[in-house]
2 protein chains.
Amino acid sequence: MRRDSRLSRMLHVLIHMDRHYKRATSETISKMLGTNAVVVRRTMAGLRDFGYVRSEQGHGGGWELARDLDQITLLDIYEAIGKPPLFAIGPSVDQPECLVEQAVDAKLGDALKEAEALLLERFRTVTIADIAADFDRRMPEGQCNIHGNIHAEQSASG
Amino acid sequence: MRRDSRLSRMLHVLIHMDRHYKRATSETISKMLGTNAVVVRRTMAGLRDFGYVRSEQGHGGGWELARDLDQITLLDIYEAIGKPPLFAIGPSVDQPECLVEQAVDAKLGDALKEAEALLLERFRTVTIADIAADFDRRMPEGQCNIHGNIHAEQSASG
DNA sequence: TCATCTGTAACAAGATAGGTTACGTATCTT
DNA sequence: AAGATACGTAACCTATCTTGTTACAGATGA
């Protein structure tokens, strides 16, 4: 299985929604992400449940932001997509009876917990608006439209 | 697939080899780990290549430690098993042309790199002997034999 | 009524660690 | 020399999880 890219994808989408779309259909978003509309609905369902976006059914419907980007942290989105596992490594069994194995897992678990705490702390203190600001700094003048067109073209060709 | 448990398993084995066996066959080790002899050979091949263990073929052969446990760090073993991915999350594509996506991945990548650096630093400063010492502290007096018998029984029943 | 959207179920694809079988080769014992 | 014991490795299957895809039901607006 490839690595879980839901967090990255959702951040990507939310910034585009803020900058380039007032309301976007799952189809439009799927073109942005290079994926499928069902995948978009599936992943964004969590964000809707947590109140970060709204969805409207039927003709003229789609997705829109329900909160300003400076009011949403990476941790919020991580939780909204269901707090998927952060680490690819771990113990072999959950509750080993072997005391050596317990000692190994405890030591390894300590290191992982530390790293996880650091990662989640970063997630907690970074808002999506912070990332959008990074984008503004990266973007050469007048590149906004060109950039927007990347996705527009994908949308047209799809 | 469940999480990669090779690091945990190898640490577990090395401590047992130090404490309970001077030389162990893949079959014996596989019983310890609740797995298969081929899996053991496959995983321990990396440790052999890095000089942490030796293997002897043929009658009377098996695996033995080639270095003291206080001379092997968790980082050593992590590298010996091929530095498998530490994180289960990551970007969707490797080199996105979208500048928003680049900004997202950069910010996310910074947080992940920090967490990875912390984790590897812990791996670097902890020796397997440190874990074995933790085991000694956990182990009530006289439990060593009982503990050893857990694996001995598994070996006998297999 | 019909086209447009979301909501979901169901299932296939892809990736990777782990499990299993099979067989080659080395080594010790007899 | 023969046989038993063990490692080395290829080949293939399994399990698990994200992602991709198809199909269809329900909601909404023209």
Identify, with sequence neighbours excluded, every residue that meets side-chain hydrogen bond (donor to acceptor under 3.5 Å, both in side chains) alongside B/D18. none
For the pair made of CZ in A/R42 and C1' in D/dG20, what is the distance, rounded to whole Å? 7 Å
Check: C/dG7 base within 3.5 Å donor-acceptor of A/R48 side chain: no
In whole Å, what is the span from the CG atom of A/L33 to the C1' atom of D/dT19? 12 Å
Which ILVMFWY residues are connected to B/L118, directly or by a chain of links, through side-chain heavy atoms under 4.5 Å apart? A/L118
Considering just the side-chain nitrogens and oxygens of B/S55, establish if one lies under 4.0 Å of OP1 or OP2 belonging to D/dG8. yes
From the options C/dA17, C/dG19, D/dC7, select the nucleotide whose nearest atom is closest to the side chain of B/T35. C/dG19
Please work out which of the three classes, parallel, tilted or perpendicular, describes the rings of B/H20 and B/H16, given edges at 30° and 60°. tilted
Per A/S26 side chain, nearest of listed nucleotides C/dG18, C/dT6, D/dT19: C/dT6
List the residues meeting side-chain hydrogen bond (donor to acceptor under 3.5 Å, both in side chains) with A/Q71, not counting sequence neighbours, and say none if there are none. none
Give me each pair satisfying side-chain hydrogen bond (donor to acceptor under 3.5 Å, both in side chains) with a member in residues 32-49 of chain A, each pair once, sequence neighbours excluded. A/S26-A/R41
Of all the nucleotides listed (C/dT6, D/dC7, D/dT19), which has the minimum atom distance to the side chain of A/W63? C/dT6
Spacing of A/I29 atom CD1 relative to C/dC5 atom C1', expressed in whole Å: 12 Å
Might you work through the salt bridge (charged side-chain N to carboxylate O under 4.0 Å, His left out) test for B/K107 and B/D110, ending with a clear yes or no? CA-CA 5 Å; B/K107 201 70 147 187; B/D110 286 347; 5.9 Å; no
So salt bridge (Lys or Arg N to Asp or Glu O under 4.0 Å) across residues 56-71 of chain B, not counting sequence neighbours, yields B/R23-B/E64, B/R54-B/E64
Please encode protein proximity along nucleotides 21-30 of chain C as a string of B, S and -, counting only heavy-atom distances under 4.0 Å. BB--BBBB--
Length of the CZ-C1' vector between B/R23 and D/dT5, whole Å: 13 Å
By the 4.0 Å heavy-atom rule, please label A/R9 as base, sugar-phosphate, or nothing. sugar-phosphate
Side-chain N or O of A/R3 closer than 4.0 Å to phosphate OP1/OP2 of D/dT18: no
Tell me the interatomic distance from A/I89, atom CD1, to C/dT16, atom P, rounded to whole angstroms. 17 Å
Could you tell me how far apart A/M10 (CE) and D/dT18 (C1') are, to the nearest whole angstrom? 13 Å
How many whole angstroms separate atom CG of A/L7 from atom P of D/dT18? 14 Å
For A/K31 and D/dG20, give me the distance from atom NZ to atom P, rounded to whole Å. 13 Å
Using a 4.0 Å heavy-atom cut-off across all strands, classify B/R6 as base, sugar-phosphate, or nothing. sugar-phosphate
Taking only the side-chain nitrogens and oxygens of A/S5, find out if one of them lies under 4.0 Å from OP1 or OP2 of D/dT18. no
